[in-house]
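Please read the structure below before turning to the comments.
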Amino acid sequence: MEDFTEDVLAFVETVPPGRVVTYGLVADVLGRGGPRQVGRTMALEGPAVPWWRVVRANGTLPAHLMTDAQARWRTEGTPVVRGRVDVARALWTPDA
DNA sequence: CGTGTGACTGGGC
DNA sequence: GGCCCAGCCACAC
């Protein structure tokens, strides 16, 4: 099987601008791993992909990333409410 | 091969 | 709205 890391990065790259996916969704789509593994992978390889398109289930990200992420969401036109992603409207899935 | 650790999540109080 | 807890699995030691 492929490296978990490669799978995560490959999937994140397929997320279109203005849309986001949650950590749990990534793990679910890959069919393995879990939210924490996805998060750990992003912490290591995040800089190599559009990491701001991967958010927590509540539409936020760790404090040290919020500032940068908000600027990018604004640039891409991602649905944001009170500083956090409106997951209900922005969530993206390879199927839908 | 056992342990600790983590950009998480969902449920309970 | 918040805090705590248990489950999750890949990776480094």
Side-chain angles (χ1 to χ4, degrees):
Chain A
M1 61 186 194
E2 306 160 36
D3 289 319
F4 180 74
T5 300
E6 293 302 312
D7 278 352
V8 173
L9 299 182
F11 177 59
V12 173
E13 299 245 27
T14 68
V15 180
R19 291 284 174 279
V20 300
V21 290
T22 64
Y23 292 93
L25 178 61
V26 174
D28 188 51
V29 172
L30 297 184
R32 55 192 201 136
R36 306 196 57 149
Q37 286 57 259
V38 175
R40 214 174 73 82
T41 296
M42 293 307 288
L44 296 172
E45 306 296 328
V49 297
W51 54 265
W52 57 92
R53 292 179 195 155
V54 182
V55 303
R56 289 183 178 174
N58 68 352
T60 68
L61 280 177
H64 61 296
L65 296 174
M66 288 303 283
T67 304
D68 212 27
Q70 284 175 27
R72 297 197 182 263
W73 292 331
R74 185 162 51 98
T75 299
E76 299 187 348
T78 306
V80 174
V81 178
R82 284 159 40 192
R84 50 185 204 145
V85 176
D86 183 348
V87 180
R89 288 198 294 151
L91 190 62
W92 179 85
T93 59
D95 224 27

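Computation of the quantities below employed the complete heavy-atom set of this structure, encompassing side-chain atoms and omitting hydrogens, waters and symmetry-equivalent molecules. Chain naming here is simple, since letters A, B, ... match the order of the sequence lines and numbering starts at 1 in each.
- Contacts between chain A and DNA chain B, taken as any atom within less than 4.0 angstrom of a protein heavy atom, begin and end at B:dG6 to B:dG10.
- For A:Pro47, there are no side chain to side chain contact (heavy atoms under 4.5 Å, CB included) partners two or more places apart in sequence or in a different chain.
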Distance-only check: which donor-acceptor pairs under 3.5 Å involve side-chain atoms of residues 63-72 of chain A, not counting sequence neighbours?
unit_1, atom_1, unit_2, atom_2, d
A:Gln70, NE2, A:Gly83, O, 3.3

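- Scanning for side chain to side chain contact (heavy atoms under 4.5 Å, CB included) contacts around A:Asp28 gives an empty result, with sequence neighbours left out.
- A pairwise comparison of heavy atoms in A:Trp92 and A:Arg19 identifies CB-CB, 3.6 Å as the closest pair.
- Regarding A:Arg32, its CZ atom lies at a distance of 13 Å from the C1' atom of C:dC11, rounded to whole Å.
- Judged as a salt bridge (Lys or Arg N to Asp or Glu O under 4.0 Å), not a single pair has a partner in residues 35-48 of chain A (not counting sequence neighbours).
- Scored by the side chain to side chain contact (heavy atoms under 4.5 Å, CB included) test, A:Leu25 finds A:Val21, A:Thr22, A:Val29, A:Leu91, A:Thr93 as partners (sequence neighbours excluded).
- Every side chain to side chain donor-acceptor pair (under 3.5 Å) that A:Thr60 has, sequence neighbours left out, goes to A:Asn58.
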Strictly under 3.5 Å: I want the nitrogen or oxygen pairs between protein and nucleotides 4-7 of chain C, one per line.
unit_1, atom_1, unit_2, atom_2, d
C:dG7, O6, A:Arg36, NH1, 3.0

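- In this structure, A:Leu9 atom CG and C:dA10 atom C1' are separated by 14 Å, rounded to whole Å.
- Using a 4.0 Å cutoff on non-hydrogen atoms, the parts of residues 37-46 of chain A near DNA chain C are A:Gln37, A:Arg40, ordered by number.
- Evaluation of the side chain to side chain donor-acceptor pair (under 3.5 Å) test over residues 78-90 of chain A, restricted to residues two or more places apart or in two chains, returns A:Asp86-A:Arg89.
- Side-chain N or O atoms of A:Trp51 include none that pairs as donor or acceptor with a backbone N or O of A:Ala43 at under 3.5 Å.
- Closest of all the heavy-atom pairs between A:Leu61 and A:Val55 is CD2-CA, 3.8 Å.
- In plain terms, the two heavy atoms of A:Gly18 and A:Ala90 that are nearest each other are O-CB, 4.3 Å.
- In this structure A:Arg53 satisfies the side chain to side chain contact (heavy atoms under 4.5 Å, CB included) test together with A:Val15, A:Pro17, A:Pro50, A:Glu76, sequence neighbours excluded.
- If you measure from atom CG of A:Asp28 to atom P of C:dC9, you get 12 Å, rounded to the nearest angstrom.
- Nucleotide C:dA10 holds its P atom 11 Å from the CG atom of A:Asp3, rounded to whole Å.
- Across A:Glu13 and A:Val49, no two heavy atoms sit closer than the pair OE2-CG1, 3.7 Å.
- Residues from residues 68-88 of chain A placing a heavy atom under 4.0 Å of any atom in DNA chain B do not occur.
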